[in-house]
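Structure, as structure tokens:
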Amino acid sequence: MPVERPDALPAARRPHRLPGGLPGLLAPGATTDPYRLRLYRLLRTDHPLGYDPALGAWLLSRYTDVALALTDPRFTGYPHDGAPRGRAPVPLGLCRGSLVCGPLTVPWSTAAPAVERTAYVLARRIAGRDRADLVADFCRWLPAGAAAAAAGLAHPDLSTLPRGARHRRTGGGAGGCTGSTALREHALASFLANMLDDPDLLAAATAGEAGGAASGALLGRAWAETLRRDPPVQIVLRRTRTEVAVSGGTLPADAPVACLIGAAGRDPARFAAPDRFDPLRADADPLLIGPAGCPAALLGRLEAEHGLRALLAAMPGIRWADGFRPVAGGFLTRGPRALLVSPS
């Protein structure tokens, strides 16, 4: 595995240091791009365990330590004792960590076609334009329509879904798990950005019969790779129930712990070439995707696969608008701010 070297940072990009040298997570710039600032890298190499008073938690940034906090019963949810422990659903990826995480109100045989129809309606709306922003015109609407479908509306009327619908629970089962759509918007935007960045990958994913097994498998791997490389939730809070030894020292009992998912997912001690988007990587890890049966995670994958297929069917020549490059923003939650494309 490659070894990280704590190279000197340009002065303008050096993160603010707390007493003892620990980089501050909430320092100016960190909320913009902790990857560009090499904040996560500095934490992994020089400060694998440290206390951030602004966040009020101990920081874990190495994959081995984060994996321990997400799966070991010596950790519980934060701030409530009743929150998930061990491998009971941890709020990760698109999962909200609800203690009442049940199945969808409608079966997948109904939800999946509704998501597909919604995706194709949205894609056809964009197809005739000279330029479109997929974040504003597609990613913000597809999860809202899918949430309505999950609530039992087989034919959701997109014209009746207000712009703020994505931030509210639109009803349905799964303990409201599928009703809050903001995280799915971020994940869908990151997925589309990664796919549009690689024309060869797009061609491979859509080759052959639409929806075929090979295409579906590749899209599924691309979706999982997006959640590793560009997680919509960057930090998951846990709490120790007793003292726990980690690679950087010992966590005290009853201590808040911030698991830096964005840092763990790009740890070179666990993933080869961790900054590269590679759906075919041999060292893929399902841990960072979240609970396999979470309805929000399953719905998010449906939105990604049907969303991409709908865009390519309506706009086979879709490409980035001239001069545009996607830029992600946010720290606690993260995703591209805009995805400007030329539909043809």
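The two residues Ser190 and Gly335 have their closest heavy-atom pair at OG-CA, 4.0 Å. In terms of heavy-atom proximity, Tyr40 sits nearest to Gln234 at OH-OE1, 2.7 Å. Scanning all heavy atoms of the two residues, the minimum distance from Pro336 to Leu339 falls at CB-CD2, 3.9 Å. For the pair Thr118 and Leu142, the tightest heavy-atom approach, listed with the atom from each and the gap, is CG2-CD1, 3.8 Å. The two atoms that bring Ser61 and Leu260 nearest to each other are CB-CD1, 4.0 Å, heavy atoms only.
The distance from atom OG1 of Thr242 to atom CG of Asp254, rounded to the nearest 0.5 Å, is 10.5 Å. Atom CE of Met195 sits about 5.0 Å away from atom CG of Leu202, to the nearest 0.5 Å. Separation of atoms CD (Glu185) and CD (Glu303) is listed at 9.5 Å; rounding is to 0.5 Å. Note that CG of Leu302 and CH2 of Trp223 are 10.0 Å apart. Values are rounded to the nearest 0.5 Å.
Using modelled atom types, no side-chain atom of Thr333 and backbone atom of Val233 make a donor-acceptor pair closer than 3.5 Å. For the pair Arg44 (side chain) and Ala263 (backbone), a donor-acceptor distance under 3.5 Å is present. Judged by distance alone, with hydrogens and angles left aside, the side-chain atoms of Arg241 form no donor-acceptor pair with the main-chain N or O of Phe75 at under 3.5 Å. No donor-acceptor pair under 3.5 Å is formed between the side chain of Thr181 and the backbone N or O of Ala144.
Asp33 has no carboxylate O lying under 4.0 Å from a charged side-chain N of Arg38, or vice versa, which leaves the two without a salt bridge. Using a 4.0 Å cut-off between charged nitrogen and carboxylate oxygen, Asp230 and Arg266 count as a salt-bridge pair. Salt-bridge formation is not detected for the pair Arg229/Asp278: no Lys NZ or Arg NE/NH1/NH2 atom is positioned less than 4.0 Å from an Asp or Glu carboxylate oxygen.
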Requested in this report: Please assess Leu134 against Leu196 for the test side chain to side chain contact (heavy atoms under 4.5 Å, CB included), listing each intermediate value before the final yes or no.
Outcome: CA-CA 11 Å; Leu134 294 183; Leu196 288 169; 3.9 Å; yes

Query raised in the report: Can you list the steps and then say if Leu68 with Val246 is a side chain to side chain contact (heavy atoms under 4.5 Å, CB included)?
Result: CA-CA 8 Å; Leu68 182 75; Val246 293; 4.1 Å; yes

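Pro279 is linked by a side-chain contact (heavy atoms from CB on, under 4.5 Å) to Leu201, Leu218, Arg221, Ala222, Phe277, counting only residues two or more places apart in sequence or in another chain. For Ala224, the side-chain contact (heavy atoms from CB on, under 4.5 Å) criterion is met by Ile289, not counting sequence neighbours. For the side-chain contact (heavy atoms from CB on, under 4.5 Å) test, residues two or more places apart in sequence or in another chain that qualify with Arg131 are Ala321, Leu340.
For Asp130, the CG atom sits in a loose shell: 12 or fewer heavy atoms of surrounding residues, nucleotides or ligands are nearer than 6.0 Å.
Trp320 and Asp197 share a donor-acceptor pair across their side chains, judged by distance under 3.5 Å alone.
Considering only heavy atoms from C-beta on, Arg281 comes within 4.5 Å of Arg228 through its side chain. Side-chain contact between Thr240 and Thr76 is absent, with no heavy atoms from C-beta onward closer than 4.5 Å. At a threshold of 4.5 Å between non-hydrogen side-chain atoms, the residues Leu25 and Leu59 count as touching. Taking the side chain as every heavy atom from C-beta outward, Leu288 and Leu227 never approach each other to under 4.5 Å.
Under a hydrophobic-cluster definition in which Ile, Leu, Val, Met, Phe, Trp and Tyr are linked whenever side-chain heavy atoms come within less than 4.5 Å, directly or via other members, Leu312 and Phe191 are assigned to the same cluster. No continuous path of ILVMFWY side-chain contacts below 4.5 Å connects Val327 to Tyr35, so the two sit in separate hydrophobic clusters. Criterion: ILVMFWY side-chain heavy atoms under 4.5 Å apart, direct or through other members. Under it, Leu219 and Tyr120 are not part of a common hydrophobic cluster.
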